[in-house]
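Here is the structure we will look at, set down as structure tokens.
Any value given below was found using the heavy atoms of this structure, including those in side chains, with hydrogens, waters and symmetry copies removed. Along the sequence shown, the residues carry numbers beginning at 1.
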Amino acid sequence: MTSKNVHRALFALLFASVAAGPRGASGQDVAAGQTAYQQSCAECHGSRLQGGAHGPALTGVGFSSVWGDRSAEALLEFVRREMPPGQRRLQDAVYPNIVAFVLETGGRASGEVIEAAADVEMPAPGGSTTRYGDREATGLSRVTDAMLHQPPAADWLTWRRTLDNHGYSPLDQISRDNVGELRLAWVISMRNGVNQTTPVVHDGVMFLANPGNVVQALDAADGDVIWEYRYEVPPDAVTGVGATRGLALYDDKVFLSTYDAAIVALDTRTGEQVWRTVKADYTQGFTQTSAPVIANGVVVSGINGCERFTDDGCFITGHDPATGEELWRTSTIAMPGDPNSGSWGDMPPHLRGGGDTWIPGSYDPDLDLFYIGTAQAKPWVADSRGLSTGNDALYTNSTLALKPSTGQVEWYFQHVPAETLDLDSVYERVLIDVDDQPLLFTTAKDGLLWKLNRRTGEFLDVRETVFQDIFESIDKQTGRVTYRQDIRDAKVGDTVPACPGLFGGHNWQASAYSPETGALIIPLQQMCMTMTGRPVDLVAGSGGVAGIPQILHMPGTNDNVGKLAAYDVRTLEELWSREQRAAFLTSATTTAGGVVFIGDVDRYFRALDVRTGDVLWETRLGHAAHGYPITYEAGGTQYVAVPTGLGLFRGVSATLSPEIFTAETGNALYVFALPD
């Protein structure tokens, strides 16, 4: 039976065997199911059932391979029992409607669903701006390249404050001696959705990205809203409630990457849209959650949603900040004509998925090199994508060093060739000079902390930060890793155990550097998994992640999920670590006051001594700390800001630390300061 017929047979069985209310199998039930699905399921499984990094596709061969031989009652019972993970159960009457929508929509092949989306009438591109009290953000100086390289101490101008991604502030008004006196200064509610934002601050004005591609300008001293810009996200965009990790500032503009794969420039003073440039066709699955980075006067940004099989493949772009004109486009996939095209075997170009760049890069103005990490090949499991662990699949799971003026790749280093467990190496690249040697540090989901020469890409050292059992060997001369034999041999349907699991190790919660102690402080997760590969139709328009993970505790951790550890950047020696049940769900942020700030899923936001990891201050927030804390100065006062919210880690916490309460809503930005 074809996958289409399987879906239709299940759909018929559902309404033959399940009482869905007095309307029976009416179109109204399916419509209600669509609404409920978009509210409660799309975050993980995608708005068009195409699946994502944390939820399998609900259409095509991957779905039918699991449910094709099972009854409609079994599907409904599973959804009722397990979904949504980590959240309050839905009303019983809602579940048959959701399953009806899934089976009705999933009856079309995934390619048909994507094609159908292109026929939907979309709103006019762009957005609208509201100015409160006709206010403007006045007194702003123009942000220059020199300013981005060495920001004023009071400002937080880019994702990790500086282009080297240190996550460090030279402010010291708040110190280890007085941090215990911190008090709430102001708080502002934020839109619902996955809230992993990074506020940016310039000349006393904060620019805040909310879920839903909403940008606000606020008075950084008291939280008064100056203007608000709302981007019109197409209702069928793959990511409609996902993270927007930050913004970029340059000249007199603020730059936003949108869910429908466009770049928007706003006037910092008024919030009015200056230009909008489309990077890719969002109906093909492309989207963006990363913040742009300004490198040598170019707006550089990656893209994600590259798990679909398309002719375009994954890429990085550079845009003119004044006009939005695309200056260059660099593929993160080795295509025919590239000397490394053979690393994909004989796989045709349109079936080479993955290579997403969903975390911002870093920039060295002295070397004029932009560094960014790429994600793994898609689907996750090598056999699911028709390849083996002998096919390196360049340039996935790599560090790329590009010239920002041209997009030319000067060098690359592949951390894990042929990655096959969704343990990608896409995260922050931290640039640190040690004894006049230009170094690059990055940590991946597998927990490996890498040290490279950022001038040449030469491998220098690697350190295991959490327990790992996936690599049987790591060559300390070349950095080449070798999977266990059973991982190399795994076929579709085989289940393999792996430590760490697909949430890390390390994940999007960025590390921070402390120049005073010479330590890189890294938020880590201690969890394992099993991974089972699913079949995928190797045709255009198909694709997806095609893996079934099961999250497990990591042995030897006393079931402590969260770990925060400091590593000497010279030796990679672990200097101190703090372990706890609750997962750390913010980046680390360090200051010249000798403090590191960190937050967790249990709603705690803490200040630790950067030398020892000892707790100096803590407070309880209304929701899980989630995103990228910053510190800045406005009106002579140093503030510390932390976002709250929760996303896909809700399911992790429900599985590994179910005693921890997680609120359903509560997105906000909390801002603290010392008392007057």
Side-chain angles (χ1 to χ4, degrees), residues 35-44 46-47 84 87-88 123 125-132 137 159 186-201 205-220 223-248 254-260 262 264 266 271-273 282 287-291 358 508 585-586 599 601 603 621-630 641-650 662-671:
T35 300
Y37 175 90
Q38 297 298 341
Q39 292 174 343
S40 302
C41 314
E43 180 181 314
C44 292
S47 61
Q87 300 186 47
R88 186 183 64 184
S128 59
T129 303
T130 301
R131 288 160 58 191
Y132 292 89
W159 177 57
W186 57 268
V187 62
I188 187 169
S189 295
M190 299 179 66
R191 282 174 57 96
N192 286 337
V194 181
N195 195 23
Q196 293 176 11
T197 195
T198 311
V200 290
V201 178
V205 177
M206 175 184 288
F207 299 92
L208 181 63
N210 281 245
N213 288 166
V214 173
V215 180
Q216 295 168 321
L218 303 91
D219 186 320
D224 273 358
V225 180
I226 301 169
W227 55 253
E228 180 178 270
Y229 170 84
R230 290 176 175 255
Y231 186 77
E232 295 291 342
V233 180
D236 64 333
V238 169
T239 305
V241 293
T244 297
R245 294 187 175 85
L247 304 161
V254 56
F255 301 91
L256 167 71
S257 298
T258 69
Y259 294 156
D260 61 343
V264 171
L266 309 177
E272 296 295 331
Q273 182 175 301
Y282 74 87
T287 186
Q288 295 174 118
T289 58
S290 179
W358 54 278
W508 55 262
L585 290 188
T586 74
V601 72
R603 299 183 287 130
L621 307 172
H623 199 11
H626 202 246
Y628 302 89
I630 70 166
V642 57
T644 60
L646 200 53
L648 298 168
F649 269 82
R650 183 189 301 275
T662 54
E664 294 181 46
T665 60
N667 285 3
L669 185 75
Y670 291 78
V671 182

Worksheet item: Can you check whether Gly599's main-chain N or O pairs, donor with acceptor, with Thr586's side chain at less than 3.5 Å?
Response: yes
Item to complete: List the atom of Leu646, the atom of Ala624, and the distance in Å for their closest heavy-atom pair.
Response: CD1-CB, 4.0 Å
Practice prompt. Taking all heavy atoms of Val205 and all of Ala217, pick out the closest pair and write down the distance.
Written response: CG1-CB, 4.3 Å
Discussion item. Using every non-hydrogen atom in the two residues, find where Pro211 and Val194 come nearest and quote the distance to one decimal.
Written reply: CG-O, 3.7 Å
Worksheet item: Closest heavy-atom contact between Trp186 and Asp219?
Response: CZ2-O, 4.2 Å
Discussion item. I'd like to know if the side chain of Arg603 reaches the main chain of Leu621, judged simply by a donor and an acceptor atom lying under 3.5 Å from each other, with no hydrogens or angles considered.
Written reply: yes
Discussion item. For Asp224 and Tyr132, which I'm curious about, is there any donor-acceptor pair between the side chains at under 3.5 Å?
Written reply: no
Worksheet item: Checking Asn213 side chain against Tyr259 main chain: does a donor-acceptor pair fall under 3.5 Å?
Response: yes
Discussion item. Determine whether a donor-acceptor pair (N or O, by modelled atom type, separation under 3.5 Å) exists between the side chain of Thr129 and the backbone of Gly271.
Written reply: yes
Worksheet item: When rounded to the nearest 0.5 angstrom, what distance separates CG in Leu266 from CZ in Phe255?
Response: 9.0 Å
Practice prompt. Check for a donor-acceptor pair, side chain of Glu228 on one end and backbone N or O of Gln216 on the other, with a separation under 3.5 Å.
Written response: no
Discussion item. Looking at every non-hydrogen atom in both residues, tell me the closest pair between Ala291 and Arg245 and how far apart they are.
Written reply: CB-C, 4.4 Å
Fill in: Test item: side-chain donor near acceptor, Asn195 and Thr644, under 3.5 Å
no
Discussion item. Is any side-chain heavy atom of Val601 closer than 4.5 Å to one of Phe649?
Written reply: no
Worksheet item: Quick one: CD on Glu232 to CG on Asp260, what's the gap to the nearest 0.5 Å?
Response: 10.5 Å
Discussion item. Parallel, tilted or perpendicular: which one describes the rings of Phe207 and Trp227, with boundaries at 30° and 60°?
Written reply: tilted
Fill in: Nearest non-hydrogen partners of Gly627 and Pro643, listed with the distance
CA-CG, 4.0 Å
Discussion item. Is it the case that the side chain of Tyr628 and the backbone of Gln196 share a donor-acceptor pair, with hydrogens and angles ignored and the cut-off at 3.5 Å?
Written reply: no
Discussion item. Go through it in stages, so that I can follow the logic: the residues are Val254 and Tyr229, the test is side chain to side chain contact (heavy atoms under 4.5 Å, CB included), and I'd like the CA-CA distance, side-chain angles, deciding distance and then a yes or no.
Written reply: CA-CA 11 Å; Val254 56; Tyr229 170 84; over 6 Å; no
Discussion item. Distance check, rounded to the nearest 0.5 Å: Arg191 atom CZ versus Leu208 atom CG?
Written reply: 12.0 Å
Practice prompt. Can you measure from OG1 (Thr244) to CG (Asn210) and round to the nearest 0.5 angstrom?
Written response: 8.5 Å
Fill in: Separation between CD of Gln288 and OH of Tyr282, rounded to the nearest 0.5 Å
14.0 Å
Discussion item. Please report the interatomic distance OG1(Thr130) to CD1(Ile226), rounded to the nearest 0.5 Å.
Written reply: 14.0 Å
